[in-house]
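Just below is one structure, and these are the notes that go with it.
Remember, it's a predicted structure, so these values are computed and weren't measured experimentally. When a ligand or atom number is given, it counts from 1 through the structure's own listing order.
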Amino acid sequence: MSKDEQGLSTLCVHAGELEDTHGSPHTPVYNTTTFKFRTTADVLDVVDGRKAGALYTRYGLNPTIFALEGKLASLEGAEAAWVFCSGMAAEAALFFTHGGKGIACIGDAYGGTLELLGSQLPQFGVRTHLLLGSELDLLEARLREGCGLVFLETPTNPRMEIFDIASIAELAHRYGARLAVDNTFASPVNQRPLELGADFVVHSATKYLGGHSDITAGALMGSKDLLAPVWNWRKNLGQMIAPETAALLSRSLRTLVVRVERQNATAQAVAEAMARHSRIERVFYPGLAGFHGHVLAKRQMKGFGGMLSIDVKGGGAAATRVADRLKLFALAPSLGGAESLVTQPCTTTHHGLMPEERARRGISDAMLRLSIGLEDAADLIADLDQALKE
Ligand code: PLP
């Protein structure tokens with residue numbers, strides 16, 4: 001069976017792993033900053049690109065990093081993957097390399113992404129356009145003006161808005177632009193944007209790919225041609241992951257499918273329980289039949305993910321009270337780990353936005369975002385029930 005035909009669980013375990021002369025079943029940690037050569041001619045072969053090989057870890061030329069990148073590329077069905085020291089580093093390298101003609105970001109994105117695009121990159125003359133999900137019809141005008149890169153998350157943070165990757169990719173390509181999808185919330189288990197027509201996939205590997213709330217990392221996947229120029233930005237911005245972290249991330253990826261499938265099932269059970277709860281105003285979860293993005297999510301996703309948001313009846317103070325009373329859910333602003341987490345976006349991920357901007361984006365103070373971990377669904381629902389009691 002060729003590697004192209006192998007299933008995702010098999011790829012999680014075996015893809016990218018390098019042969020080890022001592023028989024280790026996986027690539028060891030090469031915890032070194034530099035690699036030695038026999039002759040100057042050998043050094044030049046690697047430096048000039050005639051031979052692939054290890055050279056210097058900040059460049060990514062380290063076997064532990066090669067192995068991780070091979071695994072990450074196969075999980076997203078990409079020709080190539082570059083790994084970074086954080087999700088924001090991956091995004092920044094992408095924007096610096098391919099954002100020169102302008103970047104349009106559609107819908108709710110992670111707060112750091114909005115800050116980078118909204119106020120930091122424009123300081124270097126990069127034209128950026130932040131469009132709400134409801135303003136998708138304005139995208140074509142931006143593309144007609146020459147905007148070269150479209151960026152979106154789907155599902156979005158924190159309202160779980162779903163965008164049609166195939167049709168947005170088709171529109172971007174019609175104008176010679178590229179589409180980048182932040183696939184952090186879905187993970188490649190639930191969604192493979194490159195197969196739907198996207199040109200880049202970006203990940204905060206800190207979340208589901210890492211999966212244990214113990215590493216900070218990022219990744220960018222795409223074709224070899226499009227990724228080639230990103231390499232120098234990563235090298236000279238010094239955005240490389242440490243070898244120990246790279247090995248930990250490879251370790252985590254071996255269990256990705258098992259973890260995410262369990263998180264999908266538990267999130268569905270929690271979402272259904274919250275949809276029935278008398279103290280909940282609204283549930284944002286793509287797996288609920290009544291959710292506005294459900295039909296599209298069913299078409300382009302294999303599973304609906306481990307993230308959901310709820311609007312608690314009674315406004316911001318009521319939501320804060322629930323967050324503070326939860327016992328099993330930890331009050332922390334991240335996602336994708338084994339431990340379930342709760343966060344009130346207006347106090348954390350979207351605290352940096354003005355209240356009017358949050359309201360314009362439909363992020364109410366009454367909203368709590370839940371990251372479903374690997375605990376039993378019944379225990380998580382019981383915890384929410386006790387915290388929601390009047
Ligand atoms: N993308 C999404 C969807 C995120 O949630 C985050 C962080 O929360 C990032 C990107 C940034 O990732 P990192 O914290 O690894 O830099």
Item checked: Element-labelled atoms of ligand 1 that are located less than 4.0 Å from some non-hydrogen atom of Glu153 -> 3 (C)
Checklist line | Identity of the nearest option to atom 13 (P) of ligand 1, non-hydrogen atoms only, from Gly210, Gly87, Ser334 | finding: Gly87
Checklist line | Residue pair Ser223 / Asp225, side-chain donor-acceptor N/O under 3.5 Å | finding: no
Notebook entry, point to check: Quick one: does Leu384's side chain get under 4.5 Å of Met274's, heavy atoms only?
Noted result: yes
Note to self: Which residue is it: Leu130, Leu131, Leu152? I am looking for the one with a side-chain contact (heavy atoms from CB on, under 4.5 Å) to Cys105.
What the structure shows: Leu130
Next item on the list: State the atoms of ligand 1, each with its element, that fall below the 4.0 Å cut-off from a heavy-atom position in Glu91.
Entry: 1 (N), 10 (C)
Notebook entry, point to check: Measuring from the heavy atoms of His203, does anything fall under 4.0 Å of ligand 1?
Noted result: no
Notebook entry, point to check: Is it true that the side chains of His292 and Glu161 contain a donor and an acceptor less than 3.5 Å apart?
Noted result: no
Item checked: Residue selection (non-hydrogen contact nearest atom 3 (C) of ligand 1) among Val202, Asp182, Asn157 -> Asp182
Next item on the list: Look at atom 12 (O) of ligand 1 and say which protein heavy atom is nearest, naming residue and atom and giving the distance to 0.1 Å.
Entry: Ser204 OG, 3.0 Å
Next item on the list: Supply the atom-to-atom distance Leu8 CG to Glu261 CD, rounded to the nearest 0.5 angstrom.
Entry: 9.0 Å
Margin query: Starting from atom 15 (O) of ligand 1, what is the nearest protein heavy atom, named by residue and atom, and what distance separates them?
Written below: Thr206 OG1, 2.6 Å
Next item on the list: Could you find the nearest protein heavy atom to atom 14 (O) of ligand 1 and give me its residue, atom name and distance?
Entry: Lys207 NZ, 3.9 Å
Next item on the list: Determine whether more than 12 heavy atoms belonging to other residues, nucleotides or ligands lie under 6.0 Å from atom NZ of Lys313.
Entry: yes
Next item on the list: Hey, can you tell me if His98 and Phe200 have their rings parallel, tilted or perpendicular (30° and 60° cut-offs)?
Entry: tilted
Next item on the list: Write out the residue and atom name of the closest protein heavy atom to atom 16 (O) of ligand 1, then the distance separating them to 0.1 Å.
Entry: Met88 N, 2.9 Å
Note to self: For Ala217, state whether at least one heavy atom is located under 4.0 Å from any atom of ligand 1.
What the structure shows: yes
